[in-house]
Asker: 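Here it is, the structure, as structure tokens.
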There are 2 protein chains.
Amino acid sequence: MLTVSLVEDDEDIRQSLAILINGANGFQCLAQYGDCPSVIADIQKNTPNVLLMDIGLPGMSGIEGIKIIKPMLPTLDIIMLTSHENDNYVFESLCAGACGYLIKDTSPARLLECIKEIYEGGSPMSTQIARMVVTSFQKKTENPLSPREMDVLNHLCTGRSYKIIAKTLFISEETVRRHIKSIYRKLQVHSNTEAVAKAFRDKLV
Amino acid sequence: MLTVSLVEDDEDIRQSLAILINGANGFQCLAQYGDCPSVIADIQKNTPNVLLMDIGLPGMSGIEGIKIIKPMLPTLDIIMLTSHENDNYVFESLCAGACGYLIKDTSPARLLECIKEIYEGGSPMSTQIARMVVTSFQKKTENPLSPREMDVLNHLCTGRSYKIIAKTLFISEETVRRHIKSIYRKLQVHSNTEAVAKAFRDKLV
DNA sequence: ACCACAATGCCACAAAAGGGTCATTTTACG
DNA sequence: CGTAAAATGACCCTTTTGTGGCATTGTGGT
């Protein structure tokens with residue numbers, strides 16, 4: 001029996017979901033909550049296999065909620081439910097610990113399928129959301145840095161000192177400084193850490 | 001008409017794919033290649049809507065291939081084809097610029113569906129692969145650093161100097177140094193950049 | 001009550017990095 | 001053929017970091 005708990009402030013939607021889940025073979029709705037504090041207080045006593053969580057909750061948002069719940073139960077599979085597909089919450093939700101992301105008008109049959117999928121180790125999401133996720137993965141194709149500057153930046157991004165970089169690249173430490181000055185100018189930063197941070201955030205490395 | 005090009009060294013598989021695509025309504029196989037150099041030389045003259053690329057090519061691998069092709073045609077939609085689902089190539093492929101990732105025994109009908117999906121802005125992949133991708137997104141739940149140390153690390157990761165961090169957190173510069181010493185010990189690093197790099201790679205921030 | 005740990009602060013010295021200016025050689029492109 | 005950009009190297013001086021040791025206060029848990 002696959003157990004599911006719900007967090008959803010709209011009474012009607014919550015009831016419909018519970019009826020759908022309890023009516024399906026092999027599924028059981030373990031608990032229902034109307035807000036984050038309730039689920040946070042109860043979930044360690046009543047832990048379901050899968051948690052369906054609305055994003056737009058009154059008070060603490062669903063995203064804030066999973067930021068608290070996920071560290072409590074790191075292996076819990078959480079599916080976010082949202083009204084709009086193209087929103088900024090996707091990344092926040094996934095970073096915070098959601099494993100799936102569905103829009104609310106997903107068909108009942110598909111919803112049950114997704115719950116089963118996440119339980120079996122998948123990550124159900126629409127193909128459009130998958131594209132957003134994949135795109136955010138990809139390295140920048142345009143890159144102001146020269147190949148040699150990229151060599152230096154890569155070493156910098158593994159925490160190597162100028163001295164070590166110089167030895168590794170068979171150039172003098174002064175040349176390393178030269179390249180780094182050039183990197184700073186192009187990335188518009190003024191320190192080691194800023195450059196590394198920018199490199200990671202802009203997916204240059 | 002949705003045009004597709006193929007890169008696949010196995011003659012039989014390539015022919016089957018071409019026949020499948022040309023036989024489907026609205027699809028056309030634009031070109032076929034047996035290795036990466038051929039496609040790299042030709043793709044800017046004959047650019048398809050979607051490129052199907054085998055990973056296990058003789059000579060230059062499919063991943064090396066897209067690392068070259070993607071910068072040439074940043075908007076080209078590339079689907080990787082592989083024999084095994086659970087392999088390390090997934091991340092390398094997606095980072096290098098693939099938008100979809102399919103296993104070779106995908107059914108012909110599903111394959112055509114995926115080509116259509118990627119063309120329409122999706123990212124077709126199995127739900128298991130989606131999970132791998134999502135998991136790699138998520139912040140670490142265990143974290144050796146104290147809350148205050150995380151504050152300092154976060155500032156470090158935006159490239160701020162000790163002086164600025166001290167002002168922002170309303171503590172002395174010496175205390176910032178103290179926290180950073182502690183961070184270095186816990187993360188087992190010995191410099192600014194190493195700490196920032198580790199923070200990003202280990203998803204502490 | 002005690003212990004571990006978080007958080008705060010100071011001093012001193014060595015090492016590393018940032019910024020400025022200068023110069024030469026090679027390579028790529030029109 | 002000339003020019004621009006990339007890659008190389010050097011010197012000087014200031015600021016920032018890294019590391020060591022030392023000390024106080026509060027808090028949570030056993």
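Note on naming: letters A, B, ... go to the chains in the order of the sequence lines (proteins, then strands), and numbering restarts at 1 for each one. Computed from a prediction, not measured in an experiment: that's the story for all the values here.
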Asker: Quick one: pull up CG in A:Asn192 and OG1 in B:Thr193 and give me the separation to the nearest 0.5 Å.
Answerer: 4.5 Å
Asker: Would you please test B:Met80 and B:Ile63 for side chain to side chain contact (heavy atoms under 4.5 Å, CB included) and show each step?
Answerer: CA-CA 9 Å; B:Met80 293 309 277; B:Ile63 293 177; 4.3 Å; yes
Asker: In whole angstroms, how far is the C1' atom of C:dA7 from the NZ atom of B:Lys181?
Answerer: 14 Å
Asker: For A:Ile180 and C:dG19, what is the distance between atoms CD1 and P respectively, to the nearest whole Å?
Answerer: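 Going from A:Ile180 (CD1) to C:dG19 (P), I get 11 Å.
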Asker: Would the distance check show the side chain of A:Ser61 and the main-chain N or O of A:Leu57 forming a donor-acceptor pair, the cut-off being under 3.5 Å?
Answerer: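 No.
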Asker: Under a 4.0 Å heavy-atom cut-off, which of residues 182-197 of chain B touch DNA chain D?
Answerer: B:Tyr184, B:His190, B:Ser191, B:Asn192
Asker: Starting from P on C:dG20, measure out to CD on A:Glu174 and report it in whole angstrom.
Answerer: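 Answer to the nearest Å: 15 Å.
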Asker: Starting from the C-alpha separation in whole Å, work towards a yes-or-no answer on side chain to side chain donor-acceptor pair (under 3.5 Å) for A:Asp77 and A:Tyr119.
Answerer: CA-CA 7 Å; A:Asp77 289 329; A:Tyr119 179 64; over 6 Å; no
Asker: Just by modelled atom types, is the B:Glu8 backbone N or O under 3.5 Å from a matching donor or acceptor in the B:Arg14 side chain?
Answerer: yes
Asker: Test your reading of the model: is there a side-chain donor-acceptor pair from B:Asn143 to the backbone of B:Leu145, 3.5 Å cut-off?
Answerer: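 A pair under 3.5 Å: yes.
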Asker: Please work out if A:Thr175 contacts a base, only the sugar-phosphate, or nothing of the nucleic acid, heavy-atom cut-off 4.0 Å.
Answerer: base
Asker: On DNA chain D, which is the earliest and which the latest nucleotide, 5' to 3', with an atom closer than 4.0 Å to a heavy atom of chain B?
Answerer: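 Range of nucleotides within reach of chain B: D:dT16 to D:dC22.
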Asker: Checking the side chain of B:Thr135 only, and the main-chain atoms of B:Arg131 only, is there a donor and an acceptor separated by less than 3.5 Å?
Answerer: yes
Asker: Looking only at atom types and distance, does a side-chain atom of B:Asp35 sit under 3.5 Å from a main-chain N or O of B:Ser38, one as donor and one as acceptor?
Answerer: yes
Asker: Counting side-chain heavy atoms from CB outward, which of C:dT21, C:dC10, C:dT8 is closest to A:Arg178?
Answerer: C:dT21
Asker: Is there a residue in residues 140-165 of chain B whose heavy atoms reach under 4.0 Å of DNA chain D, and which residues are they?
Answerer: B:Ser161, B:Tyr162, B:Lys163
Asker: Ignoring hydrogens and geometry, is there a side-chain-to-backbone donor-acceptor pair from A:Lys186 to A:Pro144 under 3.5 Å?
Answerer: yes
Asker: Do NZ/NE/NH1/NH2 and the carboxylate oxygens of B:Glu149 and B:Arg185 come within less than 4.0 Å?
Answerer: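 Salt bridge absent between B:Glu149 and B:Arg185.
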Asker: Find which nucleotide of DNA chain C each of B:Arg177 and B:Leu169 is nearest to by heavy atoms, and output the residue with the more 5' nucleotide.
Answerer: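 Final value for this comparison: B:Leu169.
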Asker: Quick check against the 3.5 Å criterion: does A:Lys203 have a side-chain atom that pairs as donor or acceptor with the backbone of A:Ser136?
Answerer: yes
